[in-house]
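Owing to the predicted nature of the structure, the values given are computational and were not obtained by experimental measurement. Numbers restart at 1 for each chain; the letters A, B, ... are given by sequence-line order, proteins then strands.
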There are 2 protein chains.
Amino acid sequence: MNKASQRLAPVPDPFNGMLGYHLRRSSVIAMTDLAESLAPLKLKPVEYSILSTIAFHPGSTQSEVGKALGILRANMAPIIATLTKKGLIDREPVDGRSQALRLSAAGHAVCRRALNITREHEERVFGALSPAARTRMIAQLRALWQPRS
Amino acid sequence: MNKASQRLAPVPDPFNGMLGYHLRRSSVIAMTDLAESLAPLKLKPVEYSILSTIAFHPGSTQSEVGKALGILRANMAPIIATLTKKGLIDREPVDGRSQALRLSAAGHAVCRRALNITREHEERVFGALSPAARTRMIAQLRALWQPRS
DNA sequence: TATTGTTATACTCTATAACTATA
DNA sequence: TATAGTTATAGAGTATAACAATA
């Protein structure tokens with residue numbers, strides 16, 4: 001799935017009944033729109049996901065944030081470095097190894113704007129679905145990787 | 001989303017109500033399972049998608065197949081070369097520029113096995129959803145990029 | 001010994017540009 | 001002039017391995 005497919009292509013016949021294909025395609029469309037929506041903030045989706053996770057869990061280490069988001073330590077390092085360089089997050093040592101992450105004032109401001117942009121994005125991309133349909137779909141999708149709950 | 005996130009992480013709090021996040025995560029889980037499921041056939045998901053598209057539209061050119069699947073011409077070339085080298089597809093010139101693609105006998109056999117594997121994969125990954133729920137979800141997702149219909 | 005953060009690095013996917021040969 | 005196929009290549013994203021410092 002890529003840029004080209006978003007312009008024209010209908011669902012190819014062999015995949016008409018395949019949920020996996022539709023999930024992938026929808027996901028790519030949504031991710032592309034989100035990336036474009038956040039671009040004015042000079043923020044990538046993965047950076048926003050990190051910022052908002054820190055906002056909800058101030059004092060987390062980058063290992064913990066990475067684990068929550070499924071980002072490997074090795075890949076977290078340069079992203080955190082970038083966000084720190086941008087002045088969006090502050091790092092405070094908790095012990096000799098790890099550092100507590102917190103949003104700076106600028107980080108909070110960017111995170112708030114990004115949240116509004118993301119809400120607009122969800123409305124734009126998923127507006128064809130009623131709120132009830134979206135809520136139900138979220139619950140059903142979550143059941144795929146959390147069979148209990 | 002990546003390998004790490006599939007092992008543990010619950011949905012991070014900031015994304016609880018976000019359909020985009022759930023679509024992406026579900027899509028990655030499904031794609032990973034599909035790739036593992038097809039691995040014994042030495043077939044990647046994108047290769048299977050090409051084989052089955054050719055099966056449904058024998059005689060298509062690789063440009064047409066690429067357009068249907070959202071794969072750029074430049075990226076189709078090496079994939080088609082690989083499938084040809086594996087003896088799964090035959091190429092027959094239609095004019096001096098383009099060539100009609102068809103599955104070889106071996107290609108049909110592989111495609112049939114891949115279809116069975118994919119059906120098992122969908123059952124395994126989406127088994128928590130009733131057939132009706134899956135059908136409804138497919139229809140709803142399709143509406144996201146085909147507002148009419 | 002195990003963990004945190006880091007660096008280096010490799011592989012895959014996706015993208016653009018440029019070329020050829022044909023139409 | 002436009003199209004089909006190809007090649008080269010660049011940029012993300014994601015993966016493993018190895019290291020230093022610390023627990």
query = With distance as the sole criterion, is a donor-acceptor pair present between the side chains of Q62(B) and R73(B) under 3.5 Å?
reply =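 There is no such pair (donor and acceptor under 3.5 Å, judged by atom type) between the side chains of Q62(B) and R73(B).
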[X] vs [N]: side-chain N/O to OP1/OP2 distance below 4.0 Å:
X	N	result
K44(A)	dG13(D)	yes
R24(B)	dG13(D)	no
S63(A)	dG5(C)	yes

task = Would you mind reading off the distance between N75(A) atom CG and dG5(C) atom P, rounded to a whole angstrom?
result =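 Rounding to the nearest Å, CG of N75(A) and P of dG5(C) are 14 Å apart.
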query = Over how many whole Å does the gap from I79(A) atom CD1 to dT14(D) atom C1' extend?
reply =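 Between C1' of dT14(D) and CD1 of I79(A): 10 Å.
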message = Across nucleotides 18-23 of chain D, 5' to 3', mark each nucleotide with B, S or - according to how protein heavy atoms within less than 4.0 Å reach it.
response = ---BBS
ask   = With under 30° as parallel and over 60° as perpendicular, where do the rings of Y21(B) and F15(B) fit, or are they tilted in between?
value =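 Ring orientation, 0 to 90° scale: parallel.
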ask   = At under 4.0 Å between heavy atoms, what does A81(A) touch on the DNA or RNA strands: base, sugar-phosphate, or nothing?
value =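 A81(A): no heavy atom of the nucleic acid under 4.0 Å.
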inquiry  = Checking the side chain of E47(A) only, and the main-chain atoms of K44(A) only, is there a donor and an acceptor separated by less than 3.5 Å?
reply    =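 Yes, E47(A) side chain to K44(A) backbone: donor-acceptor pair under 3.5 Å.
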message = Could you check whether any side-chain N or O of S98(A) sits under 3.5 Å from a backbone N or O of T61(A), counting only pairs where one atom can act as donor and the other as acceptor?
response =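 Not confirmed, S98(A) side chain does not pair with T61(A) backbone.
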ask   = Within a radius of less than 6.0 Å around CZ of R124(B), do more than 12 heavy atoms belonging to other residues, nucleotides or ligands occur?
value =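 Yes, because the 6.0 Å sphere around CZ of R124(B) holds more than 12 heavy atoms from other groups.
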